[in-house]
Number of protein chains: 2
Amino acid sequence: MSPDITFVAALMADQARSRMLLALLSGKALTATELALEADITAQTASSHLSKLVEGQLLVVRKQGRHKYFQLQSLEVAQLLESLLNLSSVLTHPKARTGPADPLLRKSRVCYDHLAGELGVGLYHSLLEQQLLAEHSDQVMLTKLGVDFFTALGVNLAELEKQKRPLCKACLDWSERRTHLAGALGQWVLQDILNKGWAVRDNDSRVLHFHLKGMASFCKRYRFRTSSEALTGSD
Amino acid sequence: MSPDITFVAALMADQARSRMLLALLSGKALTATELALEADITAQTASSHLSKLVEGQLLVVRKQGRHKYFQLQSLEVAQLLESLLNLSSVLTHPKARTGPADPLLRKSRVCYDHLAGELGVGLYHSLLEQQLLAEHSDQVMLTKLGVDFFTALGVNLAELEKQKRPLCKACLDWSERRTHLAGALGQWVLQDILNKGWAVRDNDSRVLHFHLKGMASFCKRYRFRTSSEALTGSD
DNA sequence: CGGATACTTCGATGGCGGTCGAAGCAAAGT
DNA sequence: ACTTTGCTTCGACCGCCATCGAAGTATCCG
């Protein structure tokens, strides 16, 4: 018997709630007040909606003093949101290619907590081709070579593996129609990019702006070429 | 600016409408009366809902005499439905693997109009490995080798290419987290499987039941092995 | 041609749920 | 200790929309 899809759909069918969910798609944790501003509603209305989203298991909440920080519950929630964005975009602009219309978003964007878009997919497939990563059925895992590779990069794999989430997870990428890397390792990669200053997050969207040298370093590190080496952003 | 996702979500947030949409996920064309039965509502209510789904571009309708046949508008609609099914399933049964719970659905099922599940993914990747198919960015296309391969199978590629849809299209598979083949060629493959009697459709679900010999023939034809050669269904 | 069937339209009904003013509790700051 | 800020709860209001009886149009069949 099919699961009931109306429950989840209804949670996303409200303007205020959808705005808050989309604001969280960048993977950031936002407070109730910030989300109320995002959705342009009062604090009490936001409180009511957020309660529904948490009970509905689409969001998780963490309390710090008087502040409550909300985040998307899982990668699956993020993916559904991207899927909705995709279809909504197609219906609005039928001639558009799959995925976000914005070329910047297509190139590199934050999906939840990891790198997506052309660069995200390029990374994943490069790792596959170099046999650092292996797919088996719906599982993805590092090979022995891959373990050595990332260990040499300074990744504490033992620590990452202690997390409740899988180390490597395949995330379906809507702009590229292929897979990019999610999971603890995917998150590490994004964090590393940011820590190294190779790219910066866009405050108002999910775009990840790579610098010229940052892009080159990223591609060199993971050994692949992009379809275009031309970049936005300054060095 | 993000597209408005509430419109699509709201169309799927109603019990009656979601039932009708899911009934159409197998790719069949159903009449308004059949859909009203599916959703357990009166003809007038169904008419009202179907009108919304057609105007909302989730369904297309074809009139034959006094009968009106409805179908899902596109692969994207099917994919969003699968994505919703997936998350709804995860929320209901957190320990479940991604994708349908039913092993039969995971093995081989109809996704819209083509083969999905383990077999669908196996096919796609086998074609890639044999270099009959090539991926480039978000496009998928037959290679010269691939053209020869399918021509030798009796596929009229010139005819398929005349269709408004792409010949090959990557469809993201929720149970396998990888890609299976959609598009005109994906449809041809499914039709060929059915025409040859290698498998039969399940009347009450999207399961595709392969016969023992049919499975062997399919794997031999496309040159790949499944994780298990054991099958349900009789020869 | 008349009756049956498929589907549509109209309009009324009533349940649902988003919204916010008012009030309250908890944490932080002065 | 008092004030400010973050967030929650309560309850009333009102707009939205699914639903179906009634009636109508179009097509099919004997």
Side-chain angles (χ1 to χ4, degrees), chain A residues 2 4-24 28-73 84, chain B residues 2 4-24 28-73 81 84 88:
Chain A
S2 300
D4 176 25
I5 64 170
T6 60
F7 177 68
V8 171
L11 285 176
M12 296 182 171
D14 172 67
Q15 281 287 350
R17 287 202 291 275
S18 67
R19 283 185 183 163
M20 293 194 283
L21 286 167
L22 293 183
L24 293 168
K28 291 179 192 170
L30 299 175
T31 63
T33 304
E34 286 169 326
L35 289 168
L37 279 175
E38 236 358 273
D40 196 27
I41 50 178
T42 63
Q44 47 269 47
T45 304
S47 181
S48 170
H49 283 308
L50 290 168
S51 175
K52 283 190 170 100
L53 292 171
V54 169
E55 276 167 27
Q57 296 171 75
L58 298 190
L59 297 187
V60 289
V61 60
R62 199 175 66 247
K63 189 173 176 177
Q64 285 184 19
R66 64 185 175 179
H67 291 281
K68 301 186 87 163
Y69 288 91
F70 295 86
Q71 288 179 291
L72 294 185
Q73 157 84 263
L84 268 167
Chain B
S2 297
D4 176 25
I5 66 171
T6 61
F7 177 68
V8 172
L11 285 176
M12 295 181 175
D14 174 69
Q15 282 286 352
R17 285 202 292 273
S18 69
R19 282 187 184 162
M20 293 194 284
L21 287 166
L22 292 182
L24 293 169
K28 292 181 194 170
L30 299 175
T31 62
T33 304
E34 286 168 324
L35 290 168
L37 279 175
E38 226 15 81
D40 195 29
I41 50 176
T42 63
Q44 47 269 45
T45 304
S47 181
S48 169
H49 284 308
L50 290 168
S51 174
K52 285 190 169 97
L53 292 171
V54 170
E55 277 168 27
Q57 297 173 75
L58 299 190
L59 297 187
V60 288
V61 60
R62 199 175 67 246
K63 188 172 177 178
Q64 287 184 18
R66 63 187 177 179
H67 291 280
K68 302 185 85 162
Y69 287 90
F70 295 87
Q71 289 180 291
L72 295 185
Q73 158 83 260
L81 287 170
L84 267 167
S88 303

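- Atom CD1 of Ile41(B) is separated from atom C1' of dG21(D) by 15 Å (rounded to the nearest Å).
- To the nearest angstrom, P of dT5(D) lies 20 Å from CD of Gln64(A).
- Between Thr33(B) and dA6(C) there is no side-chain polar atom (N or O) within less than 4.0 angstrom of OP1 or OP2.
- The two residues Thr6(A) and Ser18(B) make their nearest non-hydrogen contact at CG2-OG, 3.2 Å.
- Closest to the side chain of Arg17(A), out of dG18(C), dC7(C), dG6(D), is dG18(C).
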Evaluation steps, side chain to side chain contact (heavy atoms under 4.5 Å, CB included), between Leu22(A) and Ile5(B): CA-CA 9 Å; Leu22(A) 293 183; Ile5(B) 66 171; 4.2 Å; yes

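- For Ser47(B), no side-chain nitrogen or oxygen approaches OP1 or OP2 of dC7(C) to under 4.0 Å.
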Steps toward side chain to side chain contact (heavy atoms under 4.5 Å, CB included) verdict (Leu58(B), Met12(B)): CA-CA 10 Å; Leu58(B) 299 190; Met12(B) 295 181 175; 4.1 Å; yes

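- OP1 and OP2 of dG18(C) both lie 4.0 Å or more from every side-chain N or O belonging to Ser48(A).
- Residue whose closest nucleotide on DNA chain C sits further toward the 5' end, between Gly65(A) and Asp40(A): Asp40(A).
- When rounded to the nearest whole Å, the span between CZ of Arg19(B) and C1' of dT19(D) equals 14 Å.
- Within 4.0 Å of Thr45(A), counting heavy atoms only, lies at least one base atom of the nucleic acid.
- One can place NZ of Lys52(A) at 7 Å from P of dG17(C), the figure rounded to the nearest angstrom.
- Between the CZ atom of Phe7(A) and the C1' atom of dG17(C) there is a distance of 14 Å, given to the nearest Å.
- Of the listed nucleotides (dA4(C), dT19(C), dT4(D)), dT19(C) has the atom at the smallest distance from the side chain of His49(A).
- For the pair His67(B) and dC28(D), the criterion of a side-chain N or O lying under 4.0 Å from OP1 or OP2 is not met.
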Side chain to side chain contact (heavy atoms under 4.5 Å, CB included) between Asp4(A) and Gln15(B), intermediate numbers included: CA-CA 8 Å; Asp4(A) 176 25; Gln15(B) 282 286 352; 3.4 Å; yes

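- Rounded to an integer number of Å, the gap from CD of Gln15(B) to C1' of dC16(C) is 14 Å.
- You'll find a donor-acceptor pair under 3.5 Å spanning the side chain of Gln44(B) and the base of dG21(D), going by distance alone.
- Atom CZ in Arg66(A) sits about 11 Å away from atom P in dA27(C), given to the nearest Å.
- For dA26(D), the OP1/OP2 oxygens have no side-chain nitrogen or oxygen of Lys63(B) closer than 4.0 Å.
- Atoms CG (Asp14(B)) and C1' (dG17(C)) sit 15 Å apart, rounded to a whole Å.
- Within 4.0 Å of Ala43(A), counting heavy atoms only, lies at least one base atom of the nucleic acid.
- Using a 4.0 Å heavy-atom criterion, one finds that Thr31(B) contacts the sugar-phosphate atoms exclusively.
- Closest approach of Thr42(B) and Ala36(B) over heavy atoms only: O-CB, 4.2 Å.
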